[in-house]
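Structure record follows, encoded as structure tokens.
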Amino acid sequence: MKLTEFYQEVARKADTPKVQINAADVSRVLSVMFDILEDLKPAEAFDLISKGLSSAAKRKR
């Protein structure tokens, strides 16, 4: 999956009947997220990613 495809998929999944989120908005927000992760030590960044994935797994149950 390419990064732009990822942004588009996030936008599709984040849309609700009342709020439409486009890929440009997602790209801007996730770009900032990646900037923040890049500033962290690798262990801290991966810990945050791990926590986010764990949270996502709980929502799917």
Quick one: side chains of residues 34-45, donor-acceptor pairs under 3.5 Å with protein atoms, not counting sequence neighbours, listed by atom name and distance.
from, atom 1, to, atom 2, distance (Å)
Glu44, OE1, Lys41, N, 3.2

Sequence neighbours left out, cut at 3.5 Å: what donor-acceptor pairs do the side chains of residues 5-14 make with other protein atoms?
from, atom 1, to, atom 2, distance (Å)
Glu5, OE1, Lys2, N, 2.7
Glu9, OE1, Arg12, NE, 3.4
Glu9, OE1, Arg12, NH2, 2.9

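Atoms CG and CZ, on Asn22 and Arg28 in that order, are 8.5 Å from each other to the nearest 0.5 Å. Note that CG of Leu30 is 8.0 Å distant from CG of Leu3, once rounded to the nearest 0.5 Å. For the atom pair OG (Ser55) and NZ (Lys60), the distance works out to 12.0 Å, reported to the nearest 0.5 Å. In this structure, the separation between CE on Met33 and CD1 on Ile49 is 7.0 Å, given to the nearest 0.5 Å.
Ser31 places a side-chain N or O within 3.5 Å of a backbone atom of Ser27 that can act as its donor or acceptor partner.
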